[in-house]
J.: 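The structure under discussion is supplied below as structure tokens; questions concerning it will follow.
We name chains A, B, ... by the order of the sequence lines, and we start the count at 1 in each one.
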Protein chains: 2
Amino acid sequence: MRLTTKGRYAVTAMLDLALHSDQGPVSLADISQRQGISLSYLEQLFARLRHFKLVKSVRGPGGGYRLMSSAAEVSVAQVVDAVSESLDATRCEGKGNCHEGEVCLTHHLWEDLSAQIHRFLSEITLADLVARNDIQTVSRRQDMRLVNTHCDETHIAVSEIL
Amino acid sequence: MRLTTKGRYAVTAMLDLALHSDQGPVSLADISQRQGISLSYLEQLFARLRHFKLVKSVRGPGGGYRLMSSAAEVSVAQVVDAVSESLDATRCEGKGNCHEGEVCLTHHLWEDLSAQIHRFLSEITLADLVARNDIQTVSRRQDMRLVNTHCDETHIAVSEIL
DNA sequence: TAATACTTGAGTAAAATACTCGGAATTAGC
DNA sequence: GCTAATTCCGAGTATTTTACTCAAGTATTA
């Protein structure tokens, strides 16, 4: 299991999804604005998330993405795994260049270690994160900002007409 | 805290060092042969390890590297941290360009998460790995129990935070 | 039918990774 | 002192990953 910024992006996006799950499908454009992640990059990430059945898409106007399961059933580990997908965990895959079998022992040690970290992240669900005070605070501010942005855009559009 | 193959290389090398610590200094050439890691890459990694005072070098013929402390005092986390050194964990460093100057949604989350994983890896020392390596064929069950114990402790810590 | 929004694929710049090379500096042993 | 073994050091490079852009689709609904 690898832990990079890619997984963080994915978790952030999924968390945004969970936070706005009561408002119908959430468009990637909204997530992009709120979280500052490029739309096209989100598209790639959500292609993976969709493939792993963590989200489902709703097409057409007013469409977007929804969580496939409830936030309580989606763990951070699942999200990270979906976008990481490094099956080539180590070089000691199968035979590889394991000299004298000694390296293979290290290989197993790392496998176990990864399993433990994986287990650790599996204990944390999106629902856990949504319940956190700090996240709710930040989320509320982000929502305000998005609304203001929309208002501004509308205002600009109106003034152009008039 | 990031988890990539780079850290695995470092841990593997340090484990090799610990396993042969009773035979005087271990040359990087030996580690390179045994573990199948390029010599020059090992040199780079050990420059970091040396800088972080995890190993000390002995120059000249018959020289090599020694553990600075005993294997029981060196944790996996220390090794991984030494070679990773990406203090700039995310865009959310301090205030930085988190997201338009504001703390981003998962800022606190990742901080806590990193701390927990770090704590988890801090529980595992090189001595643990060496011991586990020795008795692997004899009693893998006991090793599993040891790792599980660590996991349970971590789990408790996590639930306290969330 | 037109607008919305997902979907797909190709391409790309920047960074990290993993490694190579060429040489230094240091030191044990002859 | 000479030589070989070894750590050190800096520069360079190929590969992969990351993060992103662009462009052309397709599906859905108002």
J.: Ignoring backbone atoms, test whether A/R50 places a side-chain nitrogen or oxygen under 4.0 Å from the OP1 or OP2 oxygen of C/dT8.
T.: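 Looking at the OP1 and OP2 atoms of C/dT8, one of them is under 4.0 Å from a side-chain N or O of A/R50.
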J.: Taking atom P of D/dC9 as reference, at what distance in whole Å does atom CG of B/L39 sit?
T.: 15 Å
J.: So, is B/S57 near the phosphate of D/dC8, with a side-chain N or O under 4.0 Å from OP1 or OP2?
T.: yes
J.: Would you kindly say whether A/T125 and A/D128 are connected by a side-chain donor-acceptor distance under 3.5 Å?
T.: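 On atom types as modelled, these side chains qualify, holding a pair under 3.5 Å.
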J.: Rounded to the nearest Å, what distance is computed from the CG atom of residue B/L42 to the P atom of nucleotide D/dT6?
T.: 14 Å
J.: Take atom NZ of B/K56 and atom P of D/dC8, then tell me their distance rounded to the nearest Å.
T.: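 So the two atoms are 13 Å apart, to the nearest Å.
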J.: Using atom CG of A/L28 as one end and atom P of D/dA27 as the other, report the distance to the nearest whole Å.
T.: 18 Å
J.: Within the structure shown, what part of the strands sits under 4.0 Å from A/F46 by heavy-atom distance: base, sugar-phosphate, or nothing?
T.: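 The residue A/F46 makes no contact with any strand.
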J.: OP1 or OP2 of D/dA5 versus the side-chain N and O atoms of B/S27: is any pair under 4.0 Å?
T.: no
J.: More 5' along DNA chain C: A/Y65 or B/G7, using each one's nearest nucleotide?
T.: A/Y65
J.: Applying side chain to side chain contact (heavy atoms under 4.5 Å, CB included), can you list everything that pairs with A/R66, at least two apart in sequence or on another chain?
T.: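 Expected list: A/P25, A/K56, A/V58.
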J.: Would you mind reading off the distance between A/Q44 atom CD and C/dT8 atom P, rounded to a whole angstrom?
T.: 12 Å
J.: The criterion is side chain to side chain donor-acceptor pair (under 3.5 Å); which residues satisfy it with B/S70, sequence neighbours excluded?
T.: B/E73
J.: Whole angstrom is fine here: how far is it from CG in B/L45 over to P in D/dC8?
T.: 14 Å
J.: Check the distance between D/dT16's P and A/K6's NZ and give it to me in whole angstrom.
T.: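 Rounded to the whole Å, the gap is 15 Å.
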J.: Reckon A/Y9 has a side-chain N or O less than 4.0 Å from the OP1 or OP2 of D/dT17?
T.: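 No.
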J.: For B/H51, which residues count as a side chain to side chain contact (heavy atoms under 4.5 Å, CB included) partner, sequence neighbours excluded?
T.: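 Not a single residue meets the side chain to side chain contact (heavy atoms under 4.5 Å, CB included) criterion with B/H51.
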J.: Could you work out, with side chain to side chain contact (heavy atoms under 4.5 Å, CB included) as the rule, every residue matching A/S21, not counting sequence neighbours?
T.: none
J.: Using a 4.0 Å heavy-atom cut-off to protein, can you give one letter per nucleotide of nucleotides 24-30 of chain C, 5' to 3': B if the base is in contact, S if only the sugar-phosphate is, - if neither?
T.: -BBBB--
J.: With a 4.0 Å cutoff (strictly under), does any side-chain N or O of A/Y41 reach OP1 or OP2 of D/dT17?
T.: no
J.: Counting side-chain heavy atoms from C-beta on, which of D/dC8, C/dT7, D/dC20 comes nearest to A/S38?
T.: D/dC20
J.: Who passes side chain to side chain contact (heavy atoms under 4.5 Å, CB included) against A/Q44, sequence neighbours left out?
T.: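 Expected list: A/Y41.
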J.: Distance criterion of 3.5 Å, no angle test: do you see the side chain of A/E43 paired donor-to-acceptor with the base of C/dC6?
T.: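 Answer no: no donor N or O sits under 3.5 Å from an acceptor.
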J.: Roughly how many Å is it from NE2 in A/H51 to P in C/dG9, rounded to a whole number?
T.: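 Distance, rounded to whole Å: 12 Å.
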J.: Assess the residue pair A/D30 and A/H20 against the criterion (side-chain hydrogen bond (donor to acceptor under 3.5 Å, both in side chains)); give the C-alpha distance rounded to whole Å, side-chain angles, the decisive distance to 0.1 Å, and a yes or no.
T.: CA-CA 10 Å; A/D30 283 355; A/H20 300 86; over 6 Å; no
